[in-house]
Amino acid sequence: RRISLLVCSKTPSTTQNLTDVTSNGWFTVEAQRLIRHFQSWDKTKVIVYAIYWGLAFMILNVIVFQYTLVFLSWLIQTTSDMSLGMVTLILVLVGLTMFLLPPVPGVPIYLTLGIVIIPVGQEIFGIYLSIIYAIGISLALKLFACTLQQKLIGEQLHNFVSVRQLVSVNSDFIRSMKLVLKEPGMGLAKVAILVGGPDWPTSVLCGIMKLPLLPILFGTLPIIFLIIPTLLTGSFMYMSDIRDTNGQNIYPWAGTAATVFTALTAFVQFGSMVVAAYFLEKVVSERADELEAIPIDEEVKLADEKGEVRRKAYREISKWEKLPLLAKVTLILSLMSMITTCYLVQIFAADCFVEYQLTYNIDVHLNGDWRNLVKPLGVVANYLLLSSTVLYLLFNFWAQRNAVKALASGGTRDESSSLSLSDESELL
C-alpha cells in the first residue's frame with residue numbers, strides 16, 4: 001500500500017476519500033499522523049539504542065573480525081614452538097577464566113581451541129587426531145568450569161546477595177529452572193536446561209540449590225553436540241588458509257566446510273535454547289501453583305527494588321524534553337560519530353584495513369607491527385568509535401549522577417509509584 005506524505009504527491013482519484021488528503025499544511029493527514037507518532041517516541045531511548053546497535057556492529061566487524069584475527073594469528077605464531085602440553089595448559093587457564101565471567105558463553109572458547117591447538121598438535125597426531133584431541137579438551141574444560149561455577153561460586157558464595165541477584169533467583173525464568181532441576185532423575189527437560197540454558201547462571205543456580213555434582217555433570221554431557229561443530233568451524237577456518245610452497249591451498253574444501261559448520265553451530269546453539277525455553281514455558285503454564293509456592297528471596301527483592309527506583313529516576317532525568325542543551329548535543333554527537341564510523345568500515349572496508357588471513361605472519365605481512373593492519377581511513381574510523389563511546393559514557397555518567405541527586409532530594413517522585421520517598425531513602 002502506497003502512502004502519500006505530501007499533499008502535492010497525492011494522485012487524484014474519483015474513488016478516493018477526500019478526507020485522506022485534506023490538510024492545513026504541506027503534509028497529508030496520514031503523514032501528520034506518522035509525524036505525531038514519531039514525536040511521541042522517547043527520543044533519548046531511540047538515540048541510545050541506535051548507539052548500542054552501532055557499537056555491536058563495530059564489535060563484530062572490527063574488534064572480532066579484524067583485531068581478533070590478528071590476535072589469533074599472533075597466538076598461533078607464538079605457540080608454534082611450544083609443546084602441546086604447554087599450549088593446552090595456557091588455553092585451559094584462559095578458557096576457565098572466560099567461563100567464570102557471567103557474560104561469556106562457551107562458543108568463542110571452543111572456537112579458539114579449534115584454531116590454536118591444531119597447528120601444534122598436527123606435528124604429533126596429524127591434523128584429524130588433533131581435532132579429536134581438541135574436542136576432548138573442550139569437553140573436559142566445560143565440565144571443569146561447570147564444577148567451579150557450581151561448587152566454588154554457587155555453593156560457597158550463595159550468601160552474597162549480589163551473586164543471587166546476578167542469577168535473578170526471583171525471576172519466573174529461574175524459578176521455573178528450580179522446579180525442573182530439583183526433579184529426581186535426568187529427564188529431557190533437565191538435560192535441555194543444562195545444555196541450552198545460559199552457562200553461568202545455570203551452573204551457579206545448581207550450586208545455590210546445593211544439587212549433587214555428578215548427576216549435573218552427567219546431564220551436561222550432551223554439550224558435546226555443540227562443541228563438535230563449533231570446534232570444527234575453527235579448525236576448518238585454519239585449514240582453509242594452509243598453503244603449500246607453491247601457494248596452492250592444501251585443503252580447498254575447508255573454507256566451504258567452515259561455512260557449513262558455522263551454520264550448524266548457530267542451529268545447534270539456537271535449537272538448544274529454544275528447547276530449553278519450551279520446557280520452561282511449559283512449567284510456567286502447567287505448574288503455576290508450584291511456581292507460586294517457591295518463596296521469594298527478600299534480600300534480592302529489596303536489591304531489585306533499589307535498582308528499579310534508580311532506573312525510573314534515570315529515565316525521568318534523561319527524557320529528551322528535560323535534557324539541557326549540552327546533554328542533547330553530547331548525545332547527538334555520539335550518535336553521528338557512531339553512524340559515520342559504521343558507514344566507513346562497511347562501505348570502505350578495503351580502505352580501512354589491510355587484507356589479513358589467519359595463517360599470515362605479523363612480521364612478514366604487517367612489517368612486525370600489528371598496528372599496520374589499520375590504514376589511515378581505519379584510524380579515522382577507530383577515533384570516531386572511541387569518541388562516540390566516550391561521549392555516550394559522559395552523558396550516561398551525567399544522567400546517573402543527576403538521577404541519584406534527584407532521588408536524594410525527592411525530585412523525581414512519581415505520584416503513581418508504589419514506593420514512597422521514605423521507601424526510596426531506605427533503599428538507597
S.K.: Check whether any side-chain N or O of S73 sits under 3.5 Å from a backbone N or O of L69 as a donor-acceptor pair, and report yes or no.
M.R.: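 Pair absent, no side-chain N/O of S73 close to backbone of L69.
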
S.K.: Backbone N or O of I294 within a donor-acceptor pair of the R175 side chain at under 3.5 Å?
M.R.: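 Side chain of R175 to backbone of I294, a donor-acceptor pair under 3.5 Å: yes, one is there.
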
S.K.: How close do I216 and C206 get, counting heavy atoms only, and between which atoms?
M.R.: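 Closest approach of I216 to C206: CD1-SG, 3.9 Å.
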
S.K.: Show the numbers, then the answer: is there a side-chain contact (heavy atoms from CB on, under 4.5 Å) between F71 and I63?
M.R.: CA-CA 10 Å; F71 171 75; I63 297 177; over 6 Å; no

S.K.: Rounded to the nearest 0.5 Å, what separation is found between the CG atom of L139 and the CG atom of L231?
M.R.: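 Output value for this atom pair is 11.5 Å.
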
S.K.: Side chains of L264 and F261: does their closest heavy-atom pair fall under 4.5 Å?
M.R.: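 Yes - at least one pair of side-chain heavy atoms lies under 4.5 Å apart.
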
S.K.: Given the rule in the side-chain contact (heavy atoms from CB on, under 4.5 Å) test, do L194 and L181 qualify, once you have shown the distances and angles that lead to the verdict?
M.R.: CA-CA 9 Å; L194 292 174; L181 291 173; 3.9 Å; yes

S.K.: Using every non-hydrogen atom in the two residues, find where A192 and A276 come nearest and quote the distance to one decimal.
M.R.: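 What the structure gives for the nearest pair is O-CB, 3.5 Å.
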
S.K.: For residues Y52 and Y392, establish whether the separation of their ring centroids is below 6.0 Å.
M.R.: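 Yes: the rings meet the under 6.0 Å criterion.
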
S.K.: Among side-chain atoms of D241 and Y360, is any donor-acceptor pair under 3.5 angstrom?
M.R.: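 On atom types as modelled, these side chains do not qualify, holding no pair under 3.5 Å.
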
S.K.: Sub-3.5 Å donor-acceptor pair from the side chain of S168 to the main-chain atoms of S171, do we have one?
M.R.: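 Here the side-chain-to-backbone pair does not exist.
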
S.K.: Are side-chain heavy atoms of D42 and V46 found at a separation under 4.5 Å?
M.R.: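 A side-chain contact under 4.5 Å is absent here.
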
S.K.: Is a salt bridge present between E308 and R315, judged by a nitrogen-to-oxygen distance below 4.0 Å?
M.R.: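 The answer is yes: the pair qualifies as a salt bridge.
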
S.K.: Might you point out which heavy atoms bring Q66 and N61 nearest each other, and give the distance in Å?
M.R.: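 That closest heavy-atom pairing would be CG-O, 3.6 Å.
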
S.K.: With heavy-atom distances below 4.5 Å as the criterion, would you say the side chains of V390 and L386 are in contact?
M.R.: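 A side-chain contact under 4.5 Å exists here.
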
S.K.: Check the pair L148 / I153 against side-chain contact (heavy atoms from CB on, under 4.5 Å), numbers first and verdict last.
M.R.: CA-CA 7 Å; L148 292 181; I153 301 177; over 6 Å; no

S.K.: With rounding to the nearest 0.5 angstrom, report the CG to OG1 distance, L385 to T341.
M.R.: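 One finds 5.5 Å between CG of L385 and OG1 of T341.
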
S.K.: Just by distance, do the side chain of T79 and the backbone of M82 share a donor-acceptor pair under 3.5 Å?
M.R.: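 Side chain of T79 to backbone of M82, a donor-acceptor pair under 3.5 Å: no, none is there.
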
S.K.: Is it the case that over 12 heavy atoms from other parts of the model lie below 6.0 angstrom from the CE atom of M336?
M.R.: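 Enclosed: over 12 neighbouring heavy atoms sit under 6.0 Å from CE of M336.
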
S.K.: Within a radius of less than 6.0 Å around CZ of F348, do more than 12 heavy atoms belonging to other residues, nucleotides or ligands occur?
M.R.: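 Counting neighbours around CZ of F348, 12 or fewer heavy atoms of other residues, nucleotides or ligands fall under 6.0 Å, so no.
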
S.K.: Mind listing the closest non-hydrogen atom pair of Q122 and Y238 along with its distance?
M.R.: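 For Q122 versus Y238, the nearest heavy atoms are NE2-OH, 3.6 Å.
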
S.K.: With a 4.5 Å cut-off on side-chain heavy atoms, are M177 and L205 touching?
M.R.: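 Of all side-chain heavy-atom pairs linking M177 with L205, at least one is under 4.5 Å.
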
S.K.: Within a strict 4.5 Å, meaning less than it, do heavy atoms of the K45 and W320 side chains meet?
M.R.: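 They are not in contact (no side-chain heavy atoms under 4.5 Å apart), so the answer is no.
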
S.K.: Side chains of T44 and S318: do they bring a donor and an acceptor to under 3.5 Å?
M.R.: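 No, S318 and T44 have no side-chain donor paired with an acceptor closer than 3.5 Å.
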
S.K.: Looking only at heavy atoms, what is the nearest atom pair of D304 and Q165, with distance?
M.R.: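 Result for this residue pair: OD1-NE2, 3.0 Å.
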
S.K.: For the OH atom of Y356 and the CG atom of L366, what is their distance to the nearest 0.5 Å?
M.R.: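 Reported to 0.5 Å precision, the distance equals 5.0 Å.
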
S.K.: For F225 and V195: C-alpha separation, side-chain torsions, deciding distance, then whether side-chain contact (heavy atoms from CB on, under 4.5 Å) applies.
M.R.: CA-CA 10 Å; F225 295 108; V195 174; over 6 Å; no

S.K.: So how far is it from F125 CZ to I118 CD1, rounded to the nearest 0.5 Å?
M.R.: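 Interatomic distance, F125 CZ to I118 CD1, rounded to 0.5 Å: 10.5 Å.
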
S.K.: With a 4.0 Å cut-off, would you call K142 and D199 a salt bridge?
M.R.: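 Salt bridge: yes.
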
S.K.: What's the shortest heavy-atom distance between G196 and M273, and which atoms?
M.R.: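 Closest pair (atom of G196, atom of M273, distance): O-CG, 3.7 Å.
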
S.K.: Please check if the side chain of T230 supplies one atom and the backbone of V107 the other of a donor-acceptor pair under 3.5 Å.
M.R.: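 No, because the side chain of T230 does not come within donor-acceptor range (under 3.5 Å) of the backbone of V107.
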
S.K.: Should the ring pair W370 and Y67 be called parallel, tilted or perpendicular, given that the plane angle runs from 0 to 90° and is split at 30 and 60?
M.R.: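 Aromatic pair W370/Y67 classed perpendicular.
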
S.K.: Kindly compute the distance separating CG (L143) from CD1 (I224), expressed to the nearest 0.5 Å.
M.R.: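 Going from the CG atom of L143 to the CD1 atom of I224 covers 9.0 Å.
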
S.K.: Do other residues, nucleotides or ligands put more than 12 heavy atoms under 6.0 Å from E355 CD?
M.R.: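 Atom CD in E355 is not crowded, with 12 or fewer foreign heavy atoms closer than 6.0 Å.
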
S.K.: Check whether any side-chain heavy atom of K375 sits under 4.5 Å from a side-chain heavy atom of F353, and report yes or no.
M.R.: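 Of all side-chain heavy-atom pairs linking F353 with K375, none is under 4.5 Å.
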
S.K.: Strictly distance-based, threshold 3.5 Å: is any side-chain N or O of K190 a donor or acceptor partner for the main-chain N or O of G185?
M.R.: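 A pair under 3.5 Å: yes.
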
S.K.: Using the test salt bridge (charged side-chain N to carboxylate O under 4.0 Å, His left out), find all partners of E183 that sit at least two apart in sequence or belong to another chain.
M.R.: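 Once residues adjacent in sequence are excluded, the partners of E183 under the salt bridge (charged side-chain N to carboxylate O under 4.0 Å, His left out) criterion are R287.
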
S.K.: For the side chain of S203 and the backbone of W200, is there at least one donor-acceptor N/O pair under 3.5 Å apart?
M.R.: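 Not a single qualifying donor-acceptor pair exists.
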
S.K.: Can you find a heavy atom in the side chain of Y110 that is under 4.5 Å from one in the side chain of T265?
M.R.: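 No. Closest side-chain heavy atoms not under 4.5 Å.
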
S.K.: Would you confirm whether S334, through its side chain, and T330, through its main-chain N or O, come within 3.5 Å as a donor-acceptor pair?
M.R.: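 No.
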
S.K.: Partners of D369 by salt bridge (charged side-chain N to carboxylate O under 4.0 Å, His left out), sequence neighbours excluded?
M.R.: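 For D369 the salt bridge (charged side-chain N to carboxylate O under 4.0 Å, His left out) partners, ignoring immediate neighbours, are R371.
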
S.K.: Sorted by first residue and then second, give each salt bridge (Lys or Arg N to Asp or Glu O under 4.0 Å) pair with at least one member in residues 154-166; sequence neighbours left out.
M.R.: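 Every pair satisfying salt bridge (Lys or Arg N to Asp or Glu O under 4.0 Å) with a residue in residues 154-166: K151-E155, R164-D297, R164-E299.
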
S.K.: Can you tell me how far CD of Q156 sits from CD1 of I208, rounded to the nearest 0.5 angstrom?
M.R.: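 Between atom CD1 of I208 and atom CD of Q156 there are 12.0 Å.
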
S.K.: Is there a donor-acceptor contact under 3.5 Å linking the side chains of T88 and Y133?
M.R.: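 A pair is found: one side chain offers a donor N or O, the other an acceptor, under 3.5 Å apart.
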
S.K.: Under a 3.5 Å distance rule, please check whether S388 uses its side chain to pair with a backbone N or O of L384 as donor and acceptor.
M.R.: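 No; judged by distance alone, with no hydrogens or angles, the pair does not exist.
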
S.K.: Around atom NZ of K210, are there more than 12 heavy atoms from other residues, nucleotides or ligands closer than 6.0 Å?
M.R.: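 Above 12, so yes.
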
S.K.: Does a salt bridge link K322 with E316, judged by any charged N lying under 4.0 Å from a carboxylate O?
M.R.: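 Yes.
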
S.K.: Using a 4.5 Å cut-off on heavy atoms from C-beta on, say whether the side chain of L141 contacts that of L113.
M.R.: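 Answer yes - side chains close enough.
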
